[in-house]
Amino acid sequence: MREVNKSAKRSRNSIFRREGFPTAVGPIPFLFLGVVCQSSMSLIQQGVAVLGIVFARQYHLSLAGLGILAVAPSLGMMVGLIPVGWLVDRIGPRMLLFLVAGPMAVLVWIAGHATTFGSLFASFFAMGVTFASVPGAGTKAVFIAFAGRDRGLPMGIRQTGVPIGSALSALLLPHWVNHWGVAGLFSRLAVIVFVGSLLFAVVIPGTSPSDTKRRSISLKQFWRVLAFPTVISMLLVASQYDMLTFTIPDLVRNHGLSLSLAGIVLASAQIGGGFGRIGFGSISDHIRGGRPRALGWTAFIAGASTLGVAALPQHMPIDVLIGLWFIFGIGAVGWNALALTWAGESVPAENSGLAMTTVTSLIYVGAVLHPPIFGLIADQTGSLTYGWLWLGGCLWLAFVLLWLRQIRLQHTKPV
């Protein structure tokens, strides 16, 4: 038994060994720069929702209108991701990031200088189209660099860039926008995303080191293997974007928190999500049932937490709110890397970039639809509680579907 444990420990450590790693830097610096790249983009993309209350006051938006504006970057990413997936499988993630870094920064600057709601929405949408290159290139880069090694943990680490960016946006953007204004803030964010993208592009391998023969997959097979991961992801993404969009309005209205304190609570959820992505990524490398089973756990945690948020009395102490949202974030944000790894590993390696960006693109369909639906329910009922209940229903549906899949696989397992 002791020898088995030592063997497992050596297997885990080998993920991060420098020997045979196909980049100019080791696995840990490579992942660090990948997180920096993703965080710099997510700081802006997720920050649109964090700054939503600022835009709502400026343009006199309802909750449904706020939800529509908040998903504009996601809508752009949804449109851009499939072309990005096709490109990244052909020209590689390194070249893609080099080509897109400049236009992406310019569009961020333009968004900060929009003067009407229509131009602001259009700018956020165009910005989102270029943002699609960051997750597309980043996930493919991890697949290339960690070929032949466990990918769940590295993917989870890279994907922490999303909650890190979200946490930073919740903590910093409310202060920065008060200090610099919208135009000054977005000018500085343009520099951040440009530098972050180039730093990662430099260390990405130029070619895909694969010792496998090229395999083809038909369009029918492609969609058949990706259908279930996509459905689950479109349900789970509701937790991530509804939480991001409506946590601050809920905390300000129902618990009397200031904008800054509400940002701290939201940041605690993103920190929890970062732990969730790393933890569940590592767990999924070593448990029976792998990525889908770990996804079921994230759905359960997020669904239970959502019901807790809906049931909270008004004016709760901030330490209670921070604790609840931290647990909420573990499930609500922790699922993403599992879903993308599941998708990428379901097809031949040569198609992994397209598989991951296709699922991500369809995930953003959910990201675009869910916040306006949540906001509409809250507007019609006059209470955010019913929006949280709707969200809980989506998460419990995902949990049940994953649970039924697990049962079916156990019953069809050959004896």
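Just so you know, residue 1 is the first one in the sequence shown, and it goes up from there.
At least one side-chain heavy atom of F131 sits less than 4.5 Å from a side-chain heavy atom of V108. M243 is listed as a side-chain neighbour of V333, based on a closest heavy-atom distance under 4.5 Å. Under the 4.5 Å side-chain criterion, counting only non-hydrogen atoms from C-beta, V177 is in contact with V182. When side chains are defined from C-beta on, L261 does not count as touching V265, because their heavy atoms never get closer than 4.5 Å. Contact of the I82 side chain with the T357 side chain is not registered, since no non-hydrogen atoms from C-beta on lie closer than 4.5 Å. Contact check for L401 versus R405: no side-chain heavy atoms found under the 4.5 Å cut-off. In this structure the side chain of R291 reaches within 4.5 angstrom of the side chain of D285, judged on heavy atoms.
In terms of heavy atoms, L295 sits closest to W335 at CD2-O, 3.4 Å. When every heavy atom of S187 is checked against every heavy atom of H113, the shortest pair comes out as OG-CE1, 3.4 Å. In terms of heavy atoms, L236 sits closest to A299 at CD2-CB, 3.7 Å. Annotation for A294 and S284: closest pair CB-CB, 4.1 Å, computed over non-hydrogen atoms. Between V359 and A343, the shortest heavy-atom contact is CG2-CB, 3.6 Å. For the pair P135 and L81, the tightest heavy-atom approach, listed with the atom from each and the gap, is CG-CD2, 4.2 Å.
Between F200 and F30, the angle of the ring planes lies from 30° to 60°, which puts this pair in the tilted group. In this structure, W390 and H370 have tilted ring planes: the angle between them lies in the 30° to 60° band.
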**OP:** Run the numbers on V35 and I164 for side chain to side chain contact (heavy atoms under 4.5 Å, CB included), then give the verdict.
**Re:** CA-CA 8 Å; V35 170; I164 288 172; 3.7 Å; yes
**OP:** Quick one: do F117 and L69 satisfy side chain to side chain contact (heavy atoms under 4.5 Å, CB included)? Show the steps, please.
**Re:** CA-CA 9 Å; F117 177 79; L69 182 65; 3.9 Å; yes
Original post:
Yes or no on side chain to side chain contact (heavy atoms under 4.5 Å, CB included) for V134 and C37, after CA distance, side-chain angles and deciding distance?
Top reply: CA-CA 7 Å; V134 174; C37 177; 3.9 Å; yes
Original post:
Can you list the steps and then say if I330 with F280 is a side chain to side chain contact (heavy atoms under 4.5 Å, CB included)?
Top reply: CA-CA 9 Å; I330 290 174; F280 284 120; 3.9 Å; yes
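For F32, the CZ atom sits in a loose shell: 12 or fewer heavy atoms of surrounding residues, nucleotides or ligands are nearer than 6.0 Å. By the 6.0 Å contact criterion, CZ on F21 is enclosed, its count of non-hydrogen atoms from other residues, nucleotides or ligands being greater than 12. Atom CH2 of W403 has 12 or fewer heavy atoms from other residues, nucleotides or ligands within 6.0 Å. Summarising the local packing, CE of M316 is surrounded by more than 12 heavy atoms from other residues, nucleotides or ligands at distances under 6.0 Å.
Paired with L235 under the rule side-chain contact (heavy atoms from CB on, under 4.5 Å), one option of I363, T230, L397, L395 passes, and it is L397.
The closest side-chain donor-acceptor pair between W388 and T306, if any, does not fall under 3.5 angstrom. Between the side chains of S42 and Q46, no donor-acceptor pair of N or O atoms lies under 3.5 Å. In the model, Q406 has no side-chain atom that pairs as donor or acceptor with a side-chain atom of R293 under 3.5 Å.
Under the 3.5 Å distance criterion, the side-chain polar atoms of T160 are left unmatched by any main-chain donor or acceptor of G274. Remark: side-chain polar atoms of R277 are not paired, donor with acceptor, to backbone N or O of N336 under 3.5 angstrom.
A ring-centre distance under 6.0 Å is not found for F300 and W297.
With W176 as the aromatic partner, R188 does not meet the cation-pi criteria of under 6.0 angstrom to the ring centre and within 45 degrees of the ring axis.
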